[in-house]
Novice: 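One structure, pasted below without further comment.
Within every chain, numbering begins at 1; the chains are lettered A, B, ... in the order of the sequence lines, protein sequences first and strands thereafter. This one's a predicted model, so the numbers in the text were calculated from it and none came from an experiment. Basis for what follows: all heavy atoms, side chains included, without hydrogens, waters or symmetry-related copies.
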There are 2 protein chains.
Amino acid sequence: MSKRLKDETSEEKILEAARRVFLQKGMAGARMQEIADEAGINKALLHYYFRNKELLFDRIFTQAAAKLFPKVVTILDADLPLFEKIEGFISSYIDVMSENPYLPLFVLNEVHRDPEGFYKRISGELKLPRPEKFLMQIDQEVKLGNIRPVSPLQLFMNILSGTVFPFIAKPLFQMHIGVDEFQFRQFMLQRKTEFARFVIDALRK
Amino acid sequence: MSKRLKDETSEEKILEAARRVFLQKGMAGARMQEIADEAGINKALLHYYFRNKELLFDRIFTQAAAKLFPKVVTILDADLPLFEKIEGFISSYIDVMSENPYLPLFVLNEVHRDPEGFYKRISGELKLPRPEKFLMQIDQEVKLGNIRPVSPLQLFMNILSGTVFPFIAKPLFQMHIGVDEFQFRQFMLQRKTEFARFVIDALRK
DNA sequence: ACATGATTTAACCAAATGGTTAAACAAAGT
DNA sequence: ACTTTGTTTAACCATTTGGTTAAATCATGT
């Protein structure tokens with residue numbers, strides 16, 4: 001609210017508004033008029049800065065994917081012992097998503113709606129991190145007998161699931177179990193350590 | 001295809017078509033014309049059988065939620081040892097979703113878009129299963145010292161995550177890792193046993 | 001044959017929606 | 001003062017979209 005009215009440029013106001021609306025309603029459900037209203041500007045000005053809906057959506061989507069994928073996931077390529085890596089990944093990924101709880105559902109939903117459009121969109125802007133190195137590390141540890149035998153891909157899915165899914169189920173979870181915003185944050189805070197321990201307990205012989 | 005043309009009634013054709021379109025595009029992205037085309041009928045006939053889009057959507061959504069929530073989740077209320085219950089839940093839930101891979105994303109997405117509408121929709125038709133009994137059972141086992149100490153809710157979330165999330169990430173997973181339809185089915189088949197074992201390994205002292 | 005009720009269709013309609021236009025305004029340089 | 005250039009707006013436009021209407025077709029009982 002502090003800088004909202006003064007020093008913020010129209011383009012910034014538009015991008016913020018577009019972000020809110022697109023994340024809440026998705027590409028199909030979002031309305032250009034609503035974005036304009038939310039930004040406190042005229043609808044024509046929207047098209048002045050961003051030629052059309054798709055271009056604006058591209059911008060928001062790419063920004064969302066950039067926040068979600070590469071930065072934190074790169075941890076998986078780091079040079080760390082497996083357990084530390086798992087702890088680090090879970091913790092920092094939960095951190096990122098706690099600040100942007102609707103990112104995962106938004107991105108996964110749009111990928112589902114238009115899978116090829118997805119690659120086209122982000123191909124130029126950013127490269128998705130590949131989990132190969134992490135998978136090989138798991139394989140190594142299994143072969144060395146340091147951890148229980150697991151399929152690396154299954155383990156990767158386990159970790160990803162337990163980290164991301166709570167944010168996707170957040171609305172249902174909150175409504176059905178009856179947790180408010182604060183309790184959910186607490187739950188995810190607790191989860192940073194508890195889920196990591198859970199995974200490691202499952203691996204340690 | 002066998003009964004598509006002959007004995008299938010118009011209403012059935014509409015419901016099937018609506019299901020396909022709504023699950024692929026969601027409420028906002030679906031078009032009544034597309035549903036009519038998909039069903040091979042006139043658009044006016046759509047409104048003859050279902051007064052408007054919202055009513056038709058209600059029908060599909062409730063049917064989807066009914067398939068997703070109560071039947072299988074009731075396992076959690078059964079009178080079974082914890083580990084068997086976990087195995088049973090994971091296995092049968094994966095079975096259900098393997099036949100309807102897009103159900104979870106569809107439902108969770110619409111809940112996110114309109115949380116209060118969700119309860120209103122399904123309130124009359126079906127009651128969401130409550131996990132209390134399962135949570136208490138976990139608590140018991142912890143207190144008895146039979147399993148490692150865990151927060152029941154966290155464990156429940158772990159199980160749910162690992163079971164549901166793969167279907168939500170399916171499009172991204174397939175595209176990014178490079179898995180086709182068959183490989184994905186194999187992966188989820190393997191997962192039925194491997195993820196259950198993973199969870200149990202994490203619990204067993 | 002024909003009356004009756006349900007089903008199906010083509011043609012339409014009004015509202016919503018993405019996008020455009022032309023004019024007004026503001027800021028900065030001369 | 002006056003251009004010039006970028007910014008903002010009100011009014012407008014074309015298409016899409018959910019929904020309606022009235023007529024046609026079909027099935028069924030008489």
Novice: Taking atom C1' of C:dG19 as reference, at what distance in whole Å does atom CD of A:Q33 sit?
Specialist: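 It is 12 Å, rounded to the nearest whole Å.
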Novice: Can you tell if the side chain of B:F195 reaches within under 4.5 Å of the side chain of A:V150, non-hydrogen atoms only?
Specialist: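 When only atoms from C-beta onward are counted, A:V150 and B:F195 do not touch, as no gap falls below 4.5 Å.
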Novice: Can you measure B:E11 atom CD to C:dT7 atom P for me and round it to whole angstrom units?
Specialist: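 One finds 9 Å between P of C:dT7 and CD of B:E11, rounded.
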Novice: Nearest to the B:I41 side chain among C:dT9, C:dG18, C:dT7, which nucleotide is it?
Specialist: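 For the B:I41 side chain, the nearest candidate turns out to be C:dT9.
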Novice: Looking at C:dG19, C:dT9, C:dA6, which one has an atom nearest to any side-chain atom of A:K43?
Specialist: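 The answer is C:dG19.
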Novice: Measure the distance from CG on B:N42 to P on C:dT8 and round it to the nearest whole Å.
Specialist: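 Nearest whole value for this atom pair: 10 Å.
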Novice: Taking NZ, NE, NH1 and NH2 as the nitrogens, is one of them in A:R59 or A:E16 under 4.0 Å from a carboxylate oxygen of the other?
Specialist: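 So A:R59 does not pair with A:E16 through a salt bridge.
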Novice: Could you tell me how far apart B:N52 (CG) and C:dC13 (C1') are, to the nearest whole angstrom?
Specialist: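 In whole Å, C:dC13 C1' lies 17 Å from B:N52 CG.
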Novice: Remember a base hit wins even if backbone is also touched, and classify B:A36 as base, sugar-phosphate or nothing at under 4.0 Å, heavy atoms.
Specialist: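 B:A36: no heavy atom of the nucleic acid under 4.0 Å.
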Novice: Under a criterion of less than 4.0 angstrom to any heavy atom of chain A, what are the 5'-terminal and 3'-terminal contacting nucleotides of DNA chain D?
Specialist: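 First-to-last contact on DNA chain D, by the 4.0 Å heavy-atom rule, is D:dG6 to D:dA10.
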Novice: Does C:dT8 have OP1 or OP2 sitting under 4.0 Å from an N or O in the side chain of B:Y49?
Specialist: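 For C:dT8, OP1 or OP2 has a side-chain N or O of B:Y49 closer than 4.0 Å.
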Novice: What integer distance in Å separates A:E54:CD from C:dG18:P?
Specialist: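 Value for this atom pair: 13 Å.
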Novice: If you draw a 6.0 Å radius around CG in B:D79, do more than 12 non-hydrogen atoms from other residues or ligands fall strictly inside?
Specialist: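 No, because the 6.0 Å sphere around CG of B:D79 holds 12 heavy atoms or fewer from other groups.
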Novice: To the nearest angstrom, how far is B:I14 atom CD1 from C:dT8 atom C1'?
Specialist: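 From B:I14 CD1 to C:dT8 C1': 11 Å.
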Novice: A:E34 CD to C:dG18 P: how many Å, rounded?
Specialist: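 So the two atoms are 10 Å apart, to the nearest Å.
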Novice: May I have the step-by-step check of ring-ring contact (aromatic ring centres under 6.0 Å, His included) for A:F22 and A:F57, ending in yes or no?
Specialist: CA-CA 7 Å; A:F22 276 130; A:F57 177 79; 5.1 Å; yes
Novice: Charged N to carboxylate O below 4.0 Å: is that the case for B:D37 and B:R31?
Specialist: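 Salt bridge between B:D37 and B:R31, a charged N being under 4.0 Å from a carboxylate O: no.
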Novice: Start with the C-alpha distance between A:F89 and A:F134, add both sets of side-chain angles, then the distance that settles ring-ring contact (aromatic ring centres under 6.0 Å, His included), and finish with yes or no.
Specialist: CA-CA 11 Å; A:F89 174 81; A:F134 183 59; 7.4 Å; no
Novice: Under the side chain to side chain contact (heavy atoms under 4.5 Å, CB included) criterion, do A:E34 and A:K25 qualify, and how do the steps go?
Specialist: CA-CA 11 Å; A:E34 188 180 353; A:K25 316 217 167 171; 3.3 Å; yes
Novice: Please give, in whole Å, the distance from C:dA16 C1' to A:D37 CG?
Specialist: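 Rounded to whole Å, this separation is 14 Å.
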